Amino acid sequence: MPCFPGSVSASEFHVKPIGFFDVIVVGAGHAGLEAALVADRMGASTALLTFSRANVGMMSCNPAIGGLGKGQIVREVDALDGAMGRLADQASIQFRLLNANKGPAVRGIRAQQDRSVYRAAALGAVDASGVQLISCEVVGLQHEANRYMIQTTVGSYECSAVVLTTGTFLNGLIHIGSKQIPAGRVDEQRSSCLAQALRGLDLPLGRLKTGTPPRVDGRTVDWSRLELQQADSEPVYFSNFTDSTSLPQIACGIARTNSDTHGLIRSNLHRSAMYSGSIVGRGPRYCPSIEDKISRFGDRDGHQIFLEPEGLDSPLIYPNGLSTSLPEDVQLAVVRSLAGLENARIVQPGYAIEYDYVDPRALSASLEVKVSPGLFLAGQINGTTGYEEAAGQGLAAGINAALLAARRPAVMFGRESSYIGVMIDDLITHGVSEPYRMFTSRAEFRLAMRNDNAEARLHQFGSDVGCLSASRSRQQSEHLDRVSNARKLLQERGLFPQAALAHGLKLNQDGRFRTAWQLLGQNGIDWPNIVAVWPEFESISSSVVGELQADALYAVFEDRQRVERELLRADESISFNDFDFGCVGGLSKELQEKLQLVRPRNLAHATRIEGMTPAALAALAGAVRKAR
Amino acid sequence: MLRADTIFALSSGVGKAAIAVVRLSGPAVPRVLEEMLGSVPRPRRAALRSIRDRNGLVLDEGLVLYFPAPRSETGEHLCEFQVHGGRAVVAALLADLQKRDGLRLAEPGEFARRALFNGKMDLIEAEALGDLLDSETELQRRQALGIGTVGLRKRAEEWREQLIAVSAHLVADLDFSDEGDVPESLMRRVAQQLGDVHSSISQALRTAHAGERIRDGVSVVLAGAPNVGKSSLMNALAGRDVAIVTDIPGTTRDRIEVVFDWEGVPIRLTDTAGIRDSSDMVESLGIERSLGAVAEADIVITLQSAGADAIKVTTKAQIIQVWTKADLQAPPDESLGVSVVTGIGLSQLKSDVARCALDLVGMEPAVVTHRRQMNALNRCLGSLRDAQLSVSAPEICAEHIRFACGAIDALIGRIGVEDMLDAVFSRFCIGK
């Protein structure tokens with residue numbers, strides 16, 4: 001099948017493999033790490049190929065894990081016994097719960113990271129697992145019958161399933177002002193062999209752009225002149241296995257751009273790679289460069305720049321909000337225009353990077369390349385951005401690679417039960433037009449998909465798939481039992497408004513009996529009010545209370561969402577399998593093409609294709625019924 | 001299953017006319033044009049051509065219009081032959097088309113259905129088109145056209161836009177609150193915008209009743225004592241015998257309905273059983289129905305005559321008093337005198353009823369005309385009210401707005417997260 005010319009001679013392809021694995025993961029970033037670890041947990045013999053041990057779990061951009069929507073993904077990864085939650089807890093130097101004053105469905109855990117601690121912890125996790133970590137460079141990939149052959153600089157390996165998590169390596173090009181540097185490996189010609197092998201599959205490619213700010217030496221910053229943002233005094237952790245912080249908690253600084261900054265950027269806009277026209281890839285709208293911010297929202301008196309320390313022992317500061325592709329001299333002037341940074345030194349300039357990605361519509365819901373069974377793609381190569389998004393995909397791809405190696409059927413994450421499911425469905429249905437990042441607003445079932453109930457949502461899935469360690473599985477089922485017992489108790493106890501008065505609870509004096517469960521969901525009633533009435537509830541642990549409170553708060557939406565879920569399931573049951581979309585009469589050419597490209601699994605999937613009209617859906621449903 | 005075949009139909013009315021229009025839609029159109037005209041005319045330009053049959057003989061000379069897919073009414077290749085309207089010409093053309101490969105006569109509504117499938121028409125437009133084809137009066141036609149072009153569809157799209165804008169505020173507040181530059185006063189704006197959409201939809205719903213009246217006809221009921229001449233009047237107005245007329249009181253046992261077009265206003269006139277105390281079970285049932293019809297009517301015409309006193313009716317409807325058999329005795333009061341024998345007062349009655357009906361439906365064009373539309377909008381209103389009550393909990397507010405949007409989508413199309421994000425990024429400077 002796909003072959004790859006280049007510097008490797010044909011004879012090298014047929015050298016005897018020096019090892020066989022069920023699953024080989026290429027790339028040890030956040031996607032590769034989860035993919036390899038989960039395949040190993042599921043009992044697959046697994047190899048993780050990386051250019052260097054130093055690259056395992058490396059954070060290439062901002063030193064933080066989590067955030068709104070992203071934090072939920074980390075919780076889901078943790079609920080499936082993945083690594084990211086525990087690693088981020090261990091390496092956190094500042095825990096903050098975002099949206100803490102809003103409802104539980106939209107809160108997000110964010111943890112500032114010590115880069116080197118995180119990397120060491122990640123490497124430790126690999127070493128402690130059964131994953132074989134191999135430092136090498138992949139130079140070729142070959143598909144034969146039910147196996148893949150991977151050529152590397154240290155020899156050839158054979159495997160049943162491959163997970164490629166190679167980030168931005170496809171055609172990467174770094175821009176600093178007018179300077180352009182190919183972002184490749186040392187031996188450029190050889191590494192491009194893998195790129196060529198991928199091209200041989202004739203996958204649809206697109207081009208994206210992302211950027212990073214200059215790194216500043218924290219010792220040259222006058223912190224006394226900056227506003228400080230402190231860590232939460234009562235941190236919320238990602239992992240259920242964490243009960244305390246491992247590292248001292250630090251503060252971040254907040255600087256502000258001013259009219260000098262804006263003037264500088266405006267007068268040098270033509271020297272920015274993004275504005276001189278040398279960048280064609282589309283950048284993320286939610287992570288704009290400072291050039292973008294000034295030219296689009298220049299009327300603001302200033303934009304916040306968060307000064308985030310990269311570690312306890314590192315002098316490096318990550319100025320979050322200052323992503324740029326301006327030339328180095330302008331970058332320095334911009335940094336020094338900020339109050340408190342007048343004498344700052346730049347250690348490494350900011351840059352923009354362009355790279356190719358694979359249109360994820362070429363993938364199935366298990367992240368398998370449709371035209372190349374056994375080949376899985378995860379992470380940035382699929383057009384996403386963010387460590388968390390990468391980890392979630394890595395987990396999904398790793399699970400399915402292990403299942404495939406064990407000749408078990410593929411599984412998919414549901415859109416109604418996980419952010420990972422929302423992400424994958426979005427990717428394979430809509431493709432991407434900018435680097436894809438998770439937001440809570442992408443999820444229809446947001447109120448039901450929370451940090452607090454990740455275990456409730458995914459425990460059964462994890463057990464069925466077999467990716468939970470025995471201790472994790474036991475811990476989860478104990479927790480779920482405690483939650484359901486407590487809920488039952490709350491639903492059994494209750495009182496009349498009259499009786500509530502005696503406990504200082506003011507209810508509508510309507511004579512209606514209310515259960516403790518109903519009270520908990522009512523505005524203005526908190527757990528302490530409930531415990532005041534029924535002291536026996538005091539023994540319920542706080543993690544259980546949090547989940548119950550959130551469930552009770554959103555209980556009124558349960559019925560409506562159940563109806564929605566049922567409708568979704570009904571549409572999902574109309575499955576297309578290998579249905580010929582070309583035979584549906586009276587569909588526009590544009591829709592025909594989209595259908596051929598996405599090949600929706602079922603009617604529910606088809607409804608999410610852009611441009612789909614109710615009439616077209618009716619035509620599809622009719623045609624598929626006729627075809628049966 | 002067949003790939004879309006090519007359909008044709010006589011699109012102008014049946015019968016003799018100056019010009020007849022025959023339309024074709026489907027993939028075979030360019031080939032058929034090539035065969036019949038010798039070449040395919042320039043798209044979207046009228047071309048005067050000789051139209052030839054399969055044997056190369058000229059069928060007629062006519063204007064031909066060609067609209068290549070997808071820029072056509074059906075979204076497929078479409079052409080129109082405007083030929084001379086004589087029956088022979090049309091029959092010959094249709095017969096020739098019928099015999100060509102891959103062509104068949106269109107089923108009723110098939111052009112519209114193809115337009116719908118190809119996204120050239122949304123549900124509301126299709127409904128309006130249905131109304132348009134069914135419309136019998138000028139008012140109905142105007143209403144149907146109003147909906148298809150500027151009415152409900154445009155309004156619904158505005159509401160959708162406004163809800164997307166509100167959602168954008170909530171997205172900014174929920175998903176980017178940590179990233180600066182999201183103003184604090186957001187929630188006040190959300191509450192206010194929700195209120196605006198709510199009142200705009202309520203306004204549109206208020207016209208719903210008028211819309212239904214126009215679509216189904218304004219209901220006018222003839223009521224009076226037995227033998228006052230209701231059925232005679234009905235027959236006179238209809239110009240034919242729709243009701244049985246005898247001298248025997250209590251002849252009409254059930255409601256009889258006739259639809260009229262009076263001065264462009266659709267009128268649904270109902271003849272009822274005469275109202276009196278009766279021991280006849282069948283007649284009593286009829287009288288009960290009469291009273292029901294009177295109660296539901298928009299307009300009630302109460303009849304009295306020399307021999308029959310006025311009856312008392314309980315209704316919220318407009319009442320027009322008529323004195324029948326005016327040829328025998330003139331009305332003693334300001335009632336309108338009519339006679340089916342001499343015909344006096346009949347045209348006056350028609351125009352009185354039409355004027356009264358027009359007042360009822362109002363001059364404002366109705367926006368909402370179907371029960372389905374009304375239900376969707378009421379669902380939307382309910383969710384908007386819930387959303388207004390929960391602005392202090394933005395994630396709950398957003399959930400209600402999602403349902404409200406779902407209801408609007410049921411009306412016109414779909415809301416996508418992408419739309420929302422576009423709105424977010426054009427309004428806020430977001431991201432670190």
Side-chain angles (χ1 to χ4, degrees), chain A residues 62 67-69 96 98-99 102-106 108 110 284-288 293 296-297 300 303-306 320-323 426 430 433 439-442 444 446-447 523 553-554 557 560 582-591 607-608 610-616 618-619 623 626-627, chain B residues 1-5 26 69-70 74-76 110 113-123 126 167-168 170-181 386 390 392-396 398-400 402-403 406 409-410 412-414 416-418 420-422 424-426 428-432:
Chain A
N62 65 321
L68 299 170
R96 283 181 64 229
L98 309 180
N99 274 350
K102 296 198 178 85
V106 290
R110 184 182 191 273
R285 291 173 297 178
Y286 47 78
C287 188
K293 289 189 197 178
R296 290 181 55 218
F297 297 94
R300 298 279 158 81
H303 298 266
Q304 286 184 328
I305 307 290
F306 295 82
N320 204 338
L322 212 56
S323 167
D426 281 350
H430 303 305
S433 53
F439 308 107
T440 66
S441 302
R442 292 193 192 274
E444 294 86 348
R446 168 163 61 190
L447 301 185
N523 234 338
L553 177 67
Y554 299 126
F557 294 98
R560 208 147 67 168
C583 80
V584 184
L587 288 181
S588 73
K589 204 165 163 207
E590 195 195 341
L591 261 184
T607 59
R608 296 191 289 273
E610 275 162 314
M612 190 55 79
T613 62
K626 237 180 217 176
Chain B
M1 220 180 124
L2 283 173
R3 236 171 210 289
D5 35 6
T74 55
E76 305 174 325
E110 199 171 0
R113 205 157 58 235
R114 290 189 174 198
L116 193 69
F117 279 167
N118 289 334
K120 290 285 171 179
M121 199 189 267
D122 61 29
L123 218 54
S167 302
L170 291 167
V171 173
D173 185 51
L174 290 171
D175 277 331
F176 301 97
S177 55
D178 61 320
E179 303 185 12
D181 286 349
D386 289 340
S390 53
S392 59
E395 83 278 20
I396 293 178
E399 182 74 2
H400 288 302
R402 195 168 71 79
F403 277 97
D409 287 350
I412 48 163
R414 302 165 46 74
V417 172
E418 275 308 309
M420 223 152 61
L421 292 179
D422 278 340
V424 173
F425 295 121
S426 59
F428 304 108
C429 177
I430 272 160
K432 284 178 177 171

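Residue numbers begin at 1 in each chain, while the letters A, B, ... track the order of the sequences. Keep in mind that this is a model prediction, so the values were computed, not measured.
Annotation: side chain of Thr440(A) is not in contact with side chain of Glu395(B) (no heavy-atom distance under 4.5 Å).
The main-chain N or O of Leu174(B) is found under 3.5 Å from a side-chain atom of Asn99(A) such that the two form a donor-acceptor pair.
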Does the pair Tyr554(A) and Ile396(B) meet the rule for a side-chain contact (heavy atoms from CB on, under 4.5 Å), with working shown? CA-CA 8 Å; Tyr554(A) 299 126; Ile396(B) 293 178; 3.8 Å; yes
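Annotation: maximal heavy-atom pairing with chain B below 4.5 Å, among Arg560(A), Arg446(A), Glu444(A), occurs at Arg560(A).
Contacts of Pro394(B) with chain A are made by side-chain atoms alone, with heavy-atom separations under 4.5 Å and no backbone atom involved.
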